[in-house]
Amino acid sequence: MPELPEVQTVVSQLKKRLWGAQIVKFTIYDKQKINLPRQIKHRTIADIVRCAKYVVIVLSAPNKKDVYLAIHLRMTGQLLISRDHKAACLNKSRVDFYTERGILQFCDVRRFGTISYAKINSFARSELEPLEKGFTVERLHALLIASRCNLKSFLLNQNKLVGVGNIYAAEILHRAQLSPKKLCLTLSKKQIIVLQQSIQRVLKEAIKNRGTTISDYRDTDKSRGKFQNRLRVYGREGKACARCSSIIKRIKQGGRSTYYCPDCQYK
DNA sequence: CTCGGAGCCTGTCTGC
DNA sequence: TGCAGACAGGCTCCGA
């Protein structure tokens, strides 16, 4: 599920609802895969930020250094805020964090998601954030010429540019009219400019629409995103391209589905 | 360095 | 209706 726009939506909501709240207690249900230290109890949520696709919760305590909880939602992870114990019982949760403002629940059917504890914010890695100032045409150009892979693999590689996943990679390339099979090395300066703009525009538009709900993604209120209504290629195999009316194709790249229009993404 | 495949998990959908 | 197999938004590890 969640790529940058979904994680950003969740982070914004969490910040609005839980900023300054104290963790009164927490209960781990999935003890097989999740382990958290007792020290996080009685700490205050001093901040909630997004680092790549991680939700990072900053926990403070008087006269102590901050500690960090980093949550990665992977495929089916959800962070829900429930008003009380009764409401929380309706959700199958892996961890519940009780605060005076509600219960933060980490739900995750496939259990691929992770939640980890650290004394430093090691999750704010140095890779390029597509919506920050540092994401310039020049930086993107430098990364592209150093890559021997195709554009789809490049966009999915979180060691280069963070936040883009399978859905948005497809949408970004369609918007930029670039083939997912095209080698990064072969982009012209003009195409790099278009790609850089497409990445930012698609991600910003998706954030405005509160993300994409295909099946599992929900925000903290269990509401669905809206960007699925604006998808131009993802999940639209066999349908007409909105730009040129050709039939949208699906191929496999690195074991994952890639949707694209063979006519207007030929370059 | 890059690629493809397997693995981590469970639920849902498809076709026989 | 039942069942096997394919597939799903992410990421990491392995061998090639």
Side-chain angles (χ1 to χ4, degrees), chain A residues 1-11 29-35 50-56 70-79 91-95 106-116 122-123 125 127 130 142-174 180-186 202-203 205-207 209-219 222-238 250-260:
Chain A
M1 106 173 172
E3 305 179 32
L4 186 150
E6 289 76 28
V7 179
Q8 187 62 56
T9 301
V10 167
V11 163
Y29 298 99
D30 186 0
K31 288 189 174 144
Q32 194 192 342
K33 303 190 86 177
I34 294 174
N35 183 31
R50 180 187 61 75
C51 295
K53 292 181 191 169
Y54 286 91
V55 175
V56 178
I71 301 157
H72 199 303
L73 302 169
R74 297 282 181 105
M75 303 281 255
T76 55
Q78 300 176 340
L79 285 169
N91 304 317
K92 197 182 171 197
S93 174
R94 299 177 73 193
V95 196
F106 179 35
C107 304
D108 180 16
V109 175
R110 286 173 74 180
R111 296 164 71 208
F112 283 168
T114 57
I115 178 161
S116 49
S122 51
F123 310 97
R125 298 189 296 174
E127 280 78 22
L143 287 174
L144 285 166
I145 56 168
S147 301
R148 272 178 266 171
C149 61
N150 60 49
L151 277 176
K152 172 71 184 299
S153 304
F154 175 85
L155 289 175
L156 292 188
N157 188 342
Q158 304 297 305
N159 296 318
K160 312 214 181 225
L161 178 73
V162 299
V164 176
N166 213 28
I167 296 177
Y168 297 112
E171 297 301 311
I172 286 163
L173 291 174
H174 181 264
K181 294 184 267 189
K182 186 174 176 65
L183 294 176
C184 298
L185 281 170
T186 64
V202 168
L203 294 177
E205 199 186 324
I207 291 171
N209 285 274
R210 320 177 101 254
T212 302
T213 298
I214 305 276
S215 59
D216 295 298
Y217 170 69
R218 296 291 187 281
D219 67 10
K222 282 196 188 172
S223 301
R224 304 165 69 91
K226 287 186 192 151
F227 196 74
Q228 65 276 12
N229 303 319
R230 309 176 87 106
L231 296 175
R232 297 183 189 175
V233 281
Y234 185 84
R236 301 192 72 246
E237 182 187 15
R250 173 160 75 137
I251 56 170
K252 285 268 176 198
Q253 282 181 304
R256 314 193 65 192
S257 288
T258 295
Y259 298 87
Y260 74 111

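Note that this is a predicted model, so its numbers are computed, not measured.
Counting any heavy atom pair closer than 4.0 Å across all strands shown, A:Arg250 reaches sugar-phosphate atoms only and no base atom. Within the nucleic acid shown, A:Lys252 comes within 4.0 Å of sugar-phosphate atoms alone, with no base atom in reach, counting heavy atoms only. Residue contacts shown for A:Asp30 are absent, as no nucleic acid heavy atom lies under 4.0 Å away. Residue contacts for A:Thr114: at a heavy-atom cut-off of 4.0 Å it reaches no nucleic acid atom on any strand shown.
Across C:dC3 and B:dC9, the matching P atoms stand 25 Å from one another, rounded to whole Å. To the nearest whole angstrom, the two C1' atoms, one in C:dA6 and one in B:dG5, are 16 Å apart.
For the OP1/OP2 pair of C:dC11 and a distance below 4.0 Å, the side-chain nitrogens and oxygens of A:Gln158 include at least one atom meeting the criterion. Proximity of A:His72 to the phosphate of C:dG10: no side-chain N or O atom is located under 4.0 Å from OP1 or OP2. Under 4.0 angstrom from either OP1 or OP2 of C:dA8 there lies at least one side-chain N or O belonging to A:Ser257.
Between A:Arg148 and A:Leu183, the shortest heavy-atom contact is O-CD2, 3.8 Å. For A:Phe154 against A:Cys149, the heavy-atom pair with the smallest separation is N-SG, 3.8 Å.
The side-chain heavy atoms of A:Tyr217 and A:Leu73, taken from C-beta on, include no pair separated by under 4.5 Å. Here the side chains of A:Leu151 and A:Cys184 are in contact, with some heavy-atom distance below 4.5 Å. By the 4.5 Å heavy-atom criterion applied to side chains, A:Arg256 and A:Leu156 are counted as neighbours.
Following rounding to the nearest Å, A:Gln78 (CD) and C:dG10 (C1') show an atom-to-atom distance of 15 Å. Taking atom CD1 of residue A:Ile167 and atom P of nucleotide C:dG10, one finds them 7 Å apart after rounding to whole Å. Spacing between atom OH of A:Tyr168 and atom P of C:dG10 amounts to 10 Å, rounded to whole angstrom units.
Within residues 225-234 of chain A, no residue has any heavy atom closer than 4.0 Å to DNA chain B.
Listed by chain and residue number, A:Asp30, A:Asp108 satisfy the salt bridge (charged side-chain N to carboxylate O under 4.0 Å, His left out) test with A:Arg94 (two or more places apart in sequence, or in another chain). Looking at residues two or more places apart in sequence or on another chain, you find no salt bridge (charged side-chain N to carboxylate O under 4.0 Å, His left out) involving A:Arg232. Residues that satisfy the side-chain hydrogen bond (donor to acceptor under 3.5 Å, both in side chains) test with A:Gln253, not counting sequence neighbours, are A:Thr258.
Protein chain A contacts DNA chain B over a range whose 5' and 3' limits, counting nucleotides with an atom under 4.0 angstrom from a non-hydrogen atom, are B:dT2 to B:dG11.
Between the A:Glu205 side chain and the A:Val202 main chain, no donor and acceptor come within less than 3.5 Å of each other.
Place A:Lys33 and A:Gly255 on DNA chain B by their nearest nucleotides, and A:Gly255 ends up nearer the 5' end.
Checked against the 6.0 Å centroid threshold, A:Tyr234 and A:Phe227 do not count as a close aromatic pair.
In the model, A:Thr76 has no side-chain atom that pairs as donor or acceptor with a side-chain atom of A:Arg110 under 3.5 Å.
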Trace of the side chain to side chain contact (heavy atoms under 4.5 Å, CB included) decision for A:Arg218 with A:Arg224: CA-CA 5 Å; A:Arg218 296 291 187 281; A:Arg224 304 165 69 91; 3.2 Å; yes
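Looking at the side chain of A:Phe112, the nearest of the listed nucleotides C:dG10, C:dC7, C:dC11 is C:dG10.
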Strand DNA chain C in bracket notation, Watson-Crick/G-U under 3.5 Å with | for pairs to another chain: .|||||||.|||||||
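Side-chain to base pairing of A:Arg110 with C:dA8: one donor and one acceptor N or O lie within less than 3.5 Å of each other.
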